[in-house]
Amino acid sequence: MIPLPLSTIAEITGGIRHGPPDPVADGPVTDDPVVDDPVVEDPVVTGPVVIDSRAVEPGALFAALKGERVDGHAFAAGALAAGAAGVLAQHPVDGPCVVVDDVQEALGRLARAVLERLPDVTVVAVTGSAGKTSTKDLIGQVLSGAGPTVHPPGSFNNEIGLPLTVLRADAATRHLVLEMGARGIGHIAYLTGIARPDVGVVLNVGTAHVGEFGGRENIALAKGEMVEAVPPGGTAVLNADDPLVSAMASRTQGEVVTFGRSPGAAVRAADETLDEQGRARFTLVTPEGAAPVALRLHGSHAVPNALAAAAAARAAGLATGAIAEALSAAVPVSRWRMEVTERADGVTVVNDAYNANPDSTRAAIDVLVHLARGRRAYAVLGEMAELGDSSMAEHARIGQHVARSGIAGFVVVGANAAAMAEGAGQVASWTGECVQVDDVGAAVTVLRERLAPRDVVLVKGSRVAGLERVAEAILAEDGR
Ligand SMILES: Nc1ncnc2c1ncn2[C@@H]1O[C@H](COP(=O)(O)OP(=O)(O)OP(=O)(O)O)[C@@H](O)[C@H]1O
Ligand SMILES: [Mg+2]
């Protein structure tokens, strides 16, 4: 973060500066000069801003959030002892702090104020139903070649994670790459109110969180708030292959740049092929030229993400050749998204267990089928959460998709995913085996009994399913 004294943080957040306890008031009267020392009175935060006291470094600001289970205020003393310059809190703590009504909102105000002090930073923001983190990671890696870029791994896309990411920027930062998520109307608008995108990317309007939104049209309304926030002179990067996204062109004051496989897209892929590992190669075509790309990421669904990243990087001023080179060098940086690992005995594990919705699950099954050509394939799938009324039907459809793909084995994990097994059972032509298990442990047992050298296993489910543990257990055996 740019260095800010606690008094300024209090001004920005509308908070009240408290502590440290005044030894003059509490103890015997002395003329100890330390009391009047402005450095002691007004510590300077140099960052980072953290919500986990274990991540405190000297000069940090510890934001004490009240969670459902834990109250961050209980860790304030520990944070200060570890070197935090101060605490952002909802009530006074024993030490230097700024007391605000709402710590989360204060983080947003602080982030906005820090960005206002960094006028040279280009803000690139990504939203969409699937692929935000993957695309943010690509954009971050491409832009890093052109100057200091803030793009932390992981999925910091909400009203807490986004300001924390913004607050990592400092005077040296040239690009800030942000992920923006939404579970309802107005969520993205809140986030763009903190960080107005110079380049706003909308990837797709799918079915993730459709239960909470109440329909895909509402998802489109919500995601479109991204391009509404792009100012004149900025760029809205829109998916030409997704009609609900390309229709957002009328909602922005920025320049519209489309990406996709459609021939009419401004930034597009030509001559797309997949290698035997399921990694895409294509010619990146932009209005300025063309250059070859060979992705290291697995799955053809990485192509639209790469095209979106290319369009965003182009809007930030990069040339086609440099973008293509950087895309070809980019690696997966956030965990459990299409991590393809080979065991000593040739068993290949595709760990895509970070989350799941119908679109990303179909994409993952397609990668499994592609990777497995000539080998036995197993899909280990857990529930896809937050699908609302369509949940049963969506799970059944995925089960049918698995069975139609003709793979050898299907392990359905957990009661909430049971409809997948029913769906698979409806495909009479399928000769593979479907096993339903209660939990991760049972899934590992089933796989242990069946896996043979060179088999391919896909592991995927929503975060609540925690199926990365299946992938980790299978890989830990390392082919004994
Ligand atoms: N363009 C895409 N279409 C379909 N699936 C995708 C696409 N890009 C990535 N995925 C898959 O979607 C899953 C989630 O990817 P990622 O974490 O990048 O998405 P996200 O939008 O950030 O998700 P979240 O809403 O949980 O933050 C992964 O399984 C990934 O392989
Ligand atoms: Mg994400």
Side-chain angles (χ1 to χ4, degrees), residues 125-141 151-162 165 177-184 187-188 191 201-213 219 222-223 226 237-242 245 259-261 269 278-280 295 297-311 330 332-340 350-368 370-371 379-382 384-387 398 401 458-465 467-468 471:
V126 183
T127 194
S129 294
K132 295 181 290 297
T133 298
S134 310
T135 305
K136 177 264 297 169
D137 290 342
L138 282 173
I139 297 173
Q141 291 178 78
H151 61 114
S155 197
F156 297 102
N157 66 19
N158 66 12
E159 55 288 346
I160 298 167
L162 179 114
T165 306
V177 190
L178 300 171
E179 172 173 344
M180 295 189 178
R183 285 158 184 267
H187 291 193
I188 304 249
L191 301 175
V201 181
V202 186
L203 293 173
N204 44 48
V205 171
T207 44
H209 311 302
V210 70
E212 283 154 87
F213 276 103
I219 299 182
K223 306 283 182 207
M226 166 72 84
V237 173
L238 296 176
N239 188 344
D241 301 335
D242 185 327
V245 177
F259 69 91
R261 292 171 168 126
R279 292 171 300 203
L295 292 180
L297 310 180
H298 296 264
S300 58
H301 59 290
V303 174
N305 299 350
L307 294 173
V333 293
S334 298
R335 300 209 66 191
W336 309 329
R337 292 158 178 90
M338 284 289 160
E339 280 180 22
V340 180
V350 183
N351 180 354
D352 199 36
Y354 176 71
N355 71 11
N357 62 53
D359 307 318
S360 68
T361 304
R362 260 184 217 103
I365 294 164
D366 296 345
V367 173
L368 172 68
H370 184 89
L371 273 176
V380 184
L381 301 185
M384 304 178 291
E386 300 170 357
L387 292 175
I398 288 296
H401 189 78
L458 164 71
V459 181
K460 186 168 179 71
S462 275
R463 196 80 297 280
V464 284
L467 289 198
E468 68 281 357

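This chain uses plain numbering: 1 for the first residue, then up along the sequence. Ligands are counted one by one from 1 in listed order, and the atoms in each one are counted from 1 as well. All figures in this text were calculated on a predicted structure; none of them were measured in a lab. These values consider heavy atoms only, across backbone and side chains, with no hydrogens, waters or symmetry-generated copies.
Residue contacts with ligand 1: Ser155 is placed with a nitrogen or oxygen under 3.5 Å of a nitrogen or oxygen of the ligand (distance criterion only). Residue Thr133 has at least one nitrogen or oxygen atom sitting less than 3.5 Å from a nitrogen or oxygen atom of ligand 1, judged on distance alone. Considering backbone and side-chain atoms together, Tyr354 places no N or O closer than 3.5 Å to any N or O of ligand 1.
Between the OG atom of Ser334 and the CD atom of Glu339 there is a distance of 10.0 Å, given to the nearest 0.5 Å. If you take NE2 on His298 and CG on Leu371, they are separated by 7.0 Å, rounding to the nearest 0.5 Å. Interatomic distance, CG of Asp352 versus OG1 of Thr361, reported as 8.0 Å (0.5 Å rounding). In this structure, OG1 in Thr127 is found 4.0 Å from NZ in Lys223, a value given to the nearest 0.5 Å. A distance of 14.5 Å separates OG1 in Thr133 from CZ in Arg335, rounded to the nearest 0.5 Å.
Between the side chain of Arg279 and the main chain of Gly299, no donor-acceptor pair closer than 3.5 Å is present. Of the possible polar contacts, one joining the Asn239 side chain to the Leu203 backbone as a donor-acceptor pair under 3.5 Å is found. A donor-acceptor pair under 3.5 Å is formed between the side chain of Asn204 and the backbone N or O of Ser129. Although no hydrogens or angles enter the test, the distance criterion places no donor-acceptor pair under 3.5 Å between the side chain of Asp241 and the main chain of Gly260.
Contact annotation: for Lys132 versus ligand 1, heavy atoms closer than 4.0 Å belong to both the backbone and the side chain. Counting heavy atoms closer than 4.0 Å to ligand 1, residue Leu203 contributes nothing at all. Using a 4.0 Å cut-off between heavy atoms, Arg463 makes no contact with ligand 1 at all. Heavy atoms of Thr135 found under 4.0 angstrom from ligand 1: none, in either backbone or side chain.
Near Glu179, meaning under 4.0 Å from any of its heavy atoms, are these atoms of ligand 1: 22 (O), 27 (O). Atom numbering of ligand 1 starts at 1 in the shown order; those under 4.0 Å from a heavy atom of Lys460 are 28 (C), 29 (O). Residue-ligand proximity, Met338 to ligand 1, at heavy-atom distances under 4.0 Å covers atoms 31 (O). For ligand 1, the atoms lying closer than 4.0 Å to a non-hydrogen atom of Ser134 are 9 (C), 15 (O), 16 (P), 18 (O). Which parts of ligand 1 touch Asn157 is read off a 4.0 Å heavy-atom cut-off, strictly below it: atoms 27 (O). Near Ser360, meaning under 4.0 Å from any of its heavy atoms, are these atoms of ligand 1: 5 (N), 11 (C), 12 (O), 13 (C).
For the side chain to side chain contact (heavy atoms under 4.5 Å, CB included) criterion with Ser360, the lone passing option out of Met338, Lys460, His301 is Lys460.
Side-chain N/O atoms of His401 and Asp366 include a donor and acceptor closer than 3.5 Å.
Contact check on Arg337 versus Glu468 returns no salt bridge, with no Lys/Arg side-chain nitrogen under 4.0 Å from an Asp/Glu carboxylate oxygen.
Relative to atom 19 (O) of ligand 1, the option among Gly206, Ser129, Ser300, Gly131 with the closest non-hydrogen atom is Gly131. The nearest non-hydrogen atom to atom 31 (O) of ligand 1, considering only His301, Arg337, Arg183, Lys136, comes from His301. Distances from atom 24 (P) of ligand 1 to the heavy atoms of Thr361, Asn355, Val126, Val303 put Asn355 nearest.
Inclusion of Ser134 in the first shell of the Mg ion (ligand 2) is not supported: no N, O or S atom falls under 2.8 Å. Backbone or side-chain N, O or S atoms of Thr133 reach the Mg ion (ligand 2) at under 2.8 Å.
With respect to the Mg ion (ligand 2), Glu179 has OE2 as its nearest N, O or S atom.
The shortest heavy-atom distance from Arg362 to ligand 1 is not under 4.0 Å.
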